[in-house]
Amino acid sequence: MEQLLEMLSPHFLLRNALYAGLIVGFVCPQVGIFFVLRRMILLGIALPQVSNAGITFAFLLCTVGWHFFPHIESEKAMALTGSVVFTLIAIFALAILERKRKGFTENRIGFTYALAGAASILFVSWNPYGQTEVLSLLRGEIVSIPDIYLWSMFAIYGTIFICLVGFHRNFVLVSYDTDMAITLGKRVNLWDILLYLIIGIVISFGVMTVGPLVIFGFLLIPAITARMVTRGILPFCIVSSAIGAAASFIGFYISYRFDLPTGPTDIAILCIILVLLYLGKILIRLKR
Amino acid sequence: MNTDNCITLENVAIGYNGKVLLKDINLSIKAGEFIVLFGPNGSGKTTLFKTILRIIPPIQGAIIYGDGQPTRFGYVPQRQYLDEIYPFMAEEVVLMGTFGQVRPFCPTPKTNRVWIEQCLKDVGMLDMRKKLFSELSGGQKQRILIARALATRPNILLLDEPITGVDILAQKMIMELISQLHKKHHLTIMMVTHEIYNIPKWIDKIIWIQDNKVLIGTTVEMLSPLKTDETLHREPV
């Protein structure tokens, strides 16, 4: 209880990490619902890995002396740029190949995942100075988040959330029934590009903050859980975000209380919520 | 051009990725007509249907829309192409029909909610509105999709195989419903089917696709035993 009160205090030392986790937990499931509904779950595994490869590549460039940004936090800015560039290139390349129906989707995503995973490890191994930071990112240890980064994250995720809510009807229609969307005069390609752009930015920023594993978890598990227990698209969206935010808060508390890495704890909590709700659903069905 | 025509195809060639499937298509559809687009599986009827709907661009020729008012399509797709992973309630599916009328960031106007209630009532599904779309039977899903098409306030209703894969009772109900809507709303209707026994006698025209040819005529002309036999057993071109 003491730790919980301490966490809620405005002077809490790790408050930025807590807030960042809550933002990720709340916004990522809103993007994740499109991964689940469009049956792109595998892409949800591959893209964070691609983003991670972008980050490790940027760290490598920093180590060898390439600095694009004359800034105090130049490593972080370059890492973010690497993450965004790699993720957007991958998502648009995969989307174009999907549209042209070249080969099988699973093969392409599997290849991307393997390539990105291998590239991440190679970039890290060539970069002895960046290893500690990159490895802590991979493990999902959300500890030190500077104010400026938290605020920029709040601004970006906030804008994305507003876009997802405001354009919800179009994103859902284009995802569910493309032909119907065309007959209603919607510009399907434009909405698809915007959605992919949002996915790319959410993943890039998220991976920088909490690591690829945690982002994958927050993208998919809340949406899968909410899909299981809700009726209607609106409850589905609300419950997804509620589960993500709750898991982030509980996970942070447990990791702080028992000195565990935050990211994996968050994922464990998400999985526990999923299993509990699944069992609850079975019990209700049996009682009927 | 006849101004009564709401859709006119002039020397149209259709297909995918530049590959021509059907060519030299010349036909016109008058406002208020009920037309059946008939042909065996793979004959190109869905491609023609989607070309008319502006989903696929024609490879050649021109499609002219208009009978004095703007063309609004009410599109009823094949229900099996809609993924059941989406947790939509029946009324949410119908509400999609109004998405063309609402701007982003604006809440759904109350008038639209009243309108979709009317559409649900028209297809006899008002009491099922809170049910999950994925939990409905084939016939019920079809009626919800028809309600969604009506929600777009269409002047042309286009239905892709609306009675395929549903039981005989549901087939009869859907055909009666489509006929009622045709009369009540004075809609131009185009329905795709690949089953000859699903074609009602009272329709205005049949567009028959067989062996890369598009034939058009009245029910009497096209469904006379001699003509049917001749068309079905003709040597492939």
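First the proteins, then the strands, lettered A, B, ... as listed; each starts at 1. Model, not experiment: these values are computed from the prediction.
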Pair count under 4.5 Å, heavy atoms only, with chain B: among A181(A), G166(A), A226(A), highest is G166(A)
Heavy-atom side-chain contact between R38(A) and Y86(B) under 4.5 Å: yes
Using a cut-off of 6.0 Å, state whether more than 12 heavy atoms not belonging to M153(A) lie near its atom CE. yes
Should we say atom CZ of F92(A) is surrounded by more than 12 heavy atoms from elsewhere, each under 6.0 Å from it? yes
Could you state the interatomic distance from CG (L173(A)) to CZ (F99(B)), rounded to the nearest 0.5 Å? 6.5 Å
Heavy-atom count check: over 12 atoms from other residues, nucleotides or ligands less than 6.0 Å from K186(A) NZ? yes
Would you indicate whether F167(A), at its atom CZ, is surrounded by more than 12 heavy atoms from other residues, nucleotides or ligands within a distance under 6.0 Å? yes
The interface call for E84(B) against chain A, heavy-atom contacts under 4.5 Å, is backbone
Between chain B and each of L234(A), T178(A), T230(A), I162(A), count heavy-atom pairs under 4.5 Å; write down the option with the most. I162(A)
List the atom of C163(A), the atom of F105(B), and the distance in Å for their closest heavy-atom pair. CA-CZ, 4.4 Å
L53(B) and I182(A), any side-chain heavy atoms less than 4.5 Å apart: no
Counting heavy-atom pairs under 4.5 Å to chain A, which of A149(B), C106(B), P77(B), S134(B) comes out on top? C106(B)
Hey, could you give me the CG/CD1 distance between L95(B) and I233(A), rounded to the nearest 0.5 Å? 12.0 Å
Show the nearest heavy-atom pair for residues R231(A) and K130(B), with the distance to one decimal. NH2-O, 4.1 Å
Shortest non-hydrogen contact from L82(B) to Y176(A)? CB-OH, 3.6 Å
State, to 0.1 Å, how close L132(B) and G232(A) come at their nearest heavy-atom pair, and which atoms those are. CD2-N, 4.0 Å
Determine the minimum heavy-atom distance between I85(B) and V36(A), stating which atoms define it. CD1-O, 3.4 Å
Most heavy-atom pairs under 4.5 angstrom with chain A, which of F133(B), Y81(B), F88(B)? F88(B)
If we define contacts as heavy-atom pairs under 4.5 Å, which of L184(A), V172(A), D179(A) has the most with chain B? D179(A)
Check whether R169(A) reaches the backbone of R103(B) with its side chain - one donor and one acceptor, N or O, closer than 3.5 Å. yes
Report, as yes or no, whether the 6.0 Å neighbourhood of atom OH on Y16(B) holds more than 12 heavy atoms from other residues, nucleotides or ligands. yes
